[in-house]
Amino acid sequence: MLLYTPLPLELVLEGYDHYRCYKEIEFAGVKLQVEQLESGRGKITRILSTNPKDFLNPLFQPGNIVSFDVPQIQTNSLQ
């Protein structure tokens, strides 16, 4: 791939090596892909629904922050 740009290479590749953790969730009945920010919160990156009306709903606009439940790991102590 060739990229012709007047910008310095450091600006073009800024954040390229940053690892992002994506997760598929169901929010308000719609399947979404979110970038996990912190426990129980995520930024919408993509709508995975096949319903065209979901793409028109501003609630599911990419960039919005949503809250979702994080499953808790139960530990059993053997004492």
Side-chain angles (χ1 to χ4, degrees):
M1 176 176 89
L2 294 175
L3 177 64
Y4 295 100
T5 178
L7 299 174
L9 186 60
E10 293 80 21
L11 284 177
V12 174
L13 298 178
E14 183 178 356
Y16 184 74
D17 58 347
H18 176 68
Y19 178 75
R20 295 186 172 125
C21 181
Y22 295 104
K23 186 174 187 174
E24 289 184 9
I25 65 165
E26 189 165 322
F27 180 75
V30 177
K31 198 167 195 181
L32 304 169
Q33 180 186 42
V34 297
E35 178 183 346
Q36 197 163 359
L37 300 175
E38 60 223 22
S39 181
R41 294 188 60 193
K43 181 169 63 169
I44 298 174
T45 56
R46 196 164 59 155
I47 301 171
L48 301 175
S49 173
T50 56
N51 186 350
K53 290 184 180 182
D54 292 336
F55 290 86
L56 298 174
N57 190 339
L59 181 65
F60 309 126
Q61 180 178 358
N64 283 352
I65 307 296
V66 295
S67 296
F68 54 92
D69 294 331
V70 177
Q72 300 295 324
I73 298 174
Q74 295 179 359
T75 58
N76 295 330
S77 60
L78 300 173
Q79 293 181 358

> Atom CG in Asp54, atom OG1 in Thr50: separation rounded to 0.5 Å?
Replying inline: 8.0 Å
> Roughly how far, to the nearest 0.5 Å, is the CD atom of Glu26 from the CG atom of Leu48?
Replying inline: 10.5 Å
>> Tell me every residue that passes side-chain hydrogen bond (donor to acceptor under 3.5 Å, both in side chains) with Gln33, counting only those two or more places apart in sequence or in another chain.
In response: Thr45, Arg46
> Under the salt bridge (charged side-chain N to carboxylate O under 4.0 Å, His left out) test, which residues partner Lys43, sequence neighbours left out?
Replying inline: none
Side chains of residues 55-66: which donor-acceptor pairs under 3.5 Å do they make with residues two or more places apart or in other chains?
{"from": "Asn57", "atom 1": "OD1", "to": "Leu59", "atom 2": "N", "distance (Å)": "3.0"}
{"from": "Asn64", "atom 1": "ND2", "to": "Pro58", "atom 2": "O", "distance (Å)": "2.9"}
{"from": "Asn64", "atom 1": "ND2", "to": "Leu59", "atom 2": "O", "distance (Å)": "3.2"}

